[in-house]
Amino acid sequence: MKNVILYLIPALIWGSTWFAITFQVGEVDPIVSVSYRFLLAGLILLGYAKIRRLNLSYSLSEHKFIFLQGVFLFGFNYWMVYLAEQTLTSGLVALVFSTMLFMNIFNSRIFLKNVIPGKIYGGAVLGLTGIVMIFYRDLLSFSFSDAASIALLQAVGGAYIASLGNIISARNQSAGLPVIQTNAIGMTYGAIAMAVVALLAGYEFSYSVAFSYSLSLLYLAVFGSVFAFGAYLSLIGRIGASRAGYVQLVVPIIALILSTIFENYSWTITAMVGVAFIISGNFIVLERGKTKQAPLSQKT
């Protein structure tokens with residue numbers, strides 16, 4: 001029963017965080033909201049590490065890789081996500097982001113020299129075909145002046161940046177760096193990096209007084225970035241990364257359901273088939289984990 005609870009916590013929370021992000025875009029610039037979110041989450045995790053007396057002393061070289069993990073996994077990728085959700089529904093962005101599972105495999109081949117089983121290519125083709133089916137109208141009329149096309153590129157770009165962050169995380173874990181501390185420090189680094197970029201680019205630091213903004217910020221930082229990830233790590237410890245990875249199949253489905261209810265997402269037969277293709281492709285990738293574990297997919 002405890003495994004079921006540990007499975008449901010990250011699945012339900014991560015499935016809903018995509019909708020919660022919609023309350024973060026609008027009045028406050030996306031890059032600023034990302035900085036707020038991960039600064040709060042990072043400070044919470046640092047406080048937890050202090051209370052638990054976990055080691056927080058690392059060498060300059062180790063901090064360099066923690067910093068890279070932070071800016072890729074808790075910085076630029078979510079900036080792209082927040083930008084994309086200004087135009088696309090949260091469910092569609094979550095679905096596009098789920099293709100990070102494919103990207104993890106190919107990036108692990110490039111950077112970690114892992115072997116790619118043949119069926120992974122089939123899964124990637126299914127996933128790509130699904131995206132084309134869902135966005136075929138936008139792709140046919142693609143233009144850099146078209147908001148939907150740009151948002152699609154931002155969502156794909158965010159997924160790829162997050163995949164690079166996963167590869168760096170896999171490298172850090174193989175080097176013996178503990179997950180909790182590297183995430184705590186990495187989130188803080190990511191928040192600071194986004195704040196520096198915002199300052200250099202001339203973005204205004206503001207804060208929305210709307211209750212929905214503060215509530216969604218707390219939800220994303222505390223539940224999406226701390227509690228859900230803690231439950232996911234506990235699940236990995238109990239049943240292994242391969243089986244725990246199936247959380248990633250449920251997340252986009254929940255996100256799409258919420259988009260249908262709250263964002264009036266209109267379904268078509270083509271879109272339904274496209275979603276089925278992407279989920280099937282993700283399943284093929286995750287099945288591969290039963291024989292050879294892929295880099296862990298970290299969600300926040």
Side-chain angles (χ1 to χ4, degrees), residues 7-26 30 77-78 80-104 123-139 147-160 162-163 212 216 219-220 223-225 228-229 231-232 244-287 297-300:
Y7 183 94
L8 289 175
I9 289 174
L12 293 174
I13 291 177
W14 284 334
S16 61
T17 52
W18 298 97
F19 178 63
I21 289 173
T22 62
F23 296 99
Q24 292 287 287
V25 297
N77 63 320
Y78 274 99
M80 294 297 102
V81 167
Y82 280 44
L83 289 172
E85 287 204 20
Q86 290 180 316
T87 303
L88 301 178
T89 64
S90 60
L92 288 180
V93 176
L95 192 66
V96 173
F97 211 80
S98 74
T99 61
M100 178 178 63
L101 291 170
F102 309 123
M103 299 174 186
N104 282 351
V125 170
L126 277 176
L128 181 60
T129 302
I131 287 181
V132 170
M133 293 180 72
I134 294 170
F135 292 98
Y136 77 95
R137 289 193 181 92
D138 297 313
L139 293 172
S149 299
I150 294 174
L152 175 58
L153 288 179
Q154 289 168 336
V156 173
Y160 187 74
S163 176
S212 59
S216 60
Y219 183 74
L220 289 166
F223 290 92
S225 302
F229 193 65
Y232 186 61
Y246 285 97
V247 168
Q248 313 305 338
L249 286 179
V250 181
V251 169
I253 295 173
I254 294 174
L256 283 168
I257 291 172
L258 291 176
S259 278
T260 303
I261 297 172
F262 296 107
E263 298 176 278
N264 299 316
Y265 175 66
S266 300
W267 286 91
T268 64
I269 296 298
T270 305
M272 290 179 184
V273 175
V275 169
F277 275 24
I278 293 175
I279 298 300
S280 298
N282 287 352
F283 181 80
I284 290 173
V285 170
L286 289 168
E287 278 291 287
S297 175
Q298 294 191 23
K299 299 277 187 176
T300 50

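Treat the numbers as computed from the prediction; the structure is a model and nothing was measured.
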Side chain to side chain contact (heavy atoms under 4.5 Å, CB included) with I257: which residues, sequence neighbours excluded? I253, I261
Partners passing side chain to side chain donor-acceptor pair (under 3.5 Å) against T89 (at least two apart in sequence or in another chain): none
CD1 on I150 to CG on L83, rounded to 0.5 Å: 10.5 Å
In terms of heavy-atom contacts, S90 and E85 come closest through CB-OE1, 3.6 Å
Tell me every residue that passes side chain to side chain donor-acceptor pair (under 3.5 Å) with S163, counting only those two or more places apart in sequence or in another chain. N104, N107
Measuring from atom CD1 of I13 to atom CG of L220, what distance do you get when rounded to the nearest 0.5 angstrom? 10.5 Å
Partners meeting side chain to side chain contact (heavy atoms under 4.5 Å, CB included) with L258 (sequence neighbours left out): S16, F19, I254, F262
Pairs satisfying side chain to side chain donor-acceptor pair (under 3.5 Å), at least one member in residues 266-277, at least two apart: T260-W267
Side chain to side chain contact (heavy atoms under 4.5 Å, CB included) against P10, all qualifying residues, sequence neighbours excluded: W14, A228, A231, Y232, V247
Which atom pair, heavy atoms only, marks the closest approach of A11 to V250? CB-CG1, 4.1 Å
Could you tell me which non-hydrogen atom of G224 sits nearest to which non-hydrogen atom of T17, and how far apart they are? CA-CG2, 3.9 Å
Criterion side chain to side chain contact (heavy atoms under 4.5 Å, CB included) on F97 and W18, from CA distance to verdict: CA-CA 10 Å; F97 211 80; W18 298 97; 3.4 Å; yes
Can you list the steps and then say if I278 with I134 is a side chain to side chain contact (heavy atoms under 4.5 Å, CB included)? CA-CA 10 Å; I278 293 175; I134 294 170; 3.9 Å; yes
For Q24, what residues pass the side chain to side chain donor-acceptor pair (under 3.5 Å) criterion, not counting sequence neighbours? S216
Atom of F277, atom of L126 and distance for their closest heavy-atom approach: CB-O, 3.4 Å
For Y160, ring-ring contact (aromatic ring centres under 6.0 Å, His included) partners two or more places apart: none
Stepwise side chain to side chain contact (heavy atoms under 4.5 Å, CB included) check, V275 with L256: CA-CA 10 Å; V275 169; L256 283 168; 3.9 Å; yes
Which pair of heavy atoms, one from Q154 and one from M80, lies closest together, and at what distance? O-CB, 3.2 Å
Exercise: identify the closest heavy-atom pair between L95 and P252: CD1-CB, 4.0 Å
